[in-house]
Amino acid sequence: MLVNFIEMLNNAKKERCAIPHLNINNLEWSKIILEKCQELNVPVILGVSASAAEYFGGWYVCYSVVSSLIKSLNITIPVCLHVDHGTKEECIEAINSGFTSVMIDASKYKIEENIKITKEVVDYAHQRNVSVEAEIGTIGLAENKENNWADINECIRLCEETNIDAIAPAIGNAHGIYIETPKLNFKLLKEINDKIKIPLVLHGGSGITNNEMKELIRNGISKVNINTDLQLVWKKGVMKYIENNKDVYDPRKIIYSGKKEMNKKIEELVDLFETKKVSNL
Ligand code: 13P
């Protein structure tokens, strides 16, 4: 069932657990994630960046693949199909293609411009029952040190002036492989969680220790974005398969050979996030 994230994230916030946002790249990844989350009976958010959408052949192709898989595999868990770090134009195109949720990322602009662009996307999305996440501060790449923490007053303004459904504040997290242990600002997270009532989102969830992840979730993180960790385990599975099967050239066998490792990682994440707390809500 394709839905927006509002109910699943509000439930997760109440139950102090988190919903996995897993980035998808192709049909195989979509199928593996949907089947595993169905088996575990947990809601899932499928994140699609503009470059992943382009790889699929466009937002509409991606929507068609995911919605067709949901039908043909009899997937009954709540599935949110979500734009990851979109511009206003990308969000609108994805919504028109059938996406049920978007993240408008106008965080590179000053707060007034961020609010203006985010609000335009919210107005368009909410009329179509589509949920909206926005970013504040800078959540860049782990290898660059360009990241700026979110400002608490700007977080409050972004929420109050745009009516977004979830917010992703920069608290020392970053995308990709962390070169040094990230210094997460728990004090800032607690302050944001005290002052802001909507669910909080953590980007750059790969590579964070289990203890820190639990503390992040205890302090209001209800959606955790994971991309790199799944890519790494998928690569490990594929390399092992090729090494042991040097004569195989069938792409279906090669691409799908990361499935076991991906399944294991998804199960670990669901356990760590305690997502099953919201299974039957
Ligand atoms: P990682 O690749 O670091 O897991 O980050 C994913 C993400 O935040 C997608 O928006």
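Note that ligands are numbered from 1 as they come in the structure, with each ligand's atoms numbered from 1 the same way.
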Any chain of hydrophobic side-chain contacts (each under 4.5 Å) joining V233 to L46? yes
Can V201 be reached from V278 by stepping across I, L, V, M, F, W or Y side chains whose heavy atoms are under 4.5 Å apart? no
For K235, all residues meeting side-chain contact (heavy atoms from CB on, under 4.5 Å), sequence neighbours excluded: M239
Per-pair distances, ligand 1 N/O vs protein N/O, less than 3.5 Å:
residue	atom	partner	partner atom	Å
ligand 1	2 (O)	T228	N	2.9
ligand 1	2 (O)	T228	OG1	2.5
ligand 1	3 (O)	G176	N	2.9
ligand 1	4 (O)	S206	N	3.3
ligand 1	4 (O)	S206	OG	2.5
ligand 1	4 (O)	N227	N	2.9
ligand 1	4 (O)	T228	N	3.4
ligand 1	5 (O)	G204	N	3.4
ligand 1	8 (O)	H175	NE2	3.2
ligand 1	8 (O)	H203	ND1	3.3
ligand 1	8 (O)	G204	N	2.8
ligand 1	10 (O)	D84	OD1	2.9
ligand 1	10 (O)	D84	OD2	2.8
ligand 1	10 (O)	H85	NE2	3.4
ligand 1	10 (O)	H203	ND1	3.0
ligand 1	10 (O)	N225	ND2	3.2

Check the surroundings of atom CD1 in I177: do more than 12 heavy atoms from other residues, nucleotides or ligands lie under 6.0 Å from it? no
Using a 6.0 Å cut-off, check whether atom CZ of R157 has over 12 heavy atoms from anything other than its own residue. yes
Mind checking whether K264 and E267 have side chains closer than 4.5 Å, heavy atoms only? no
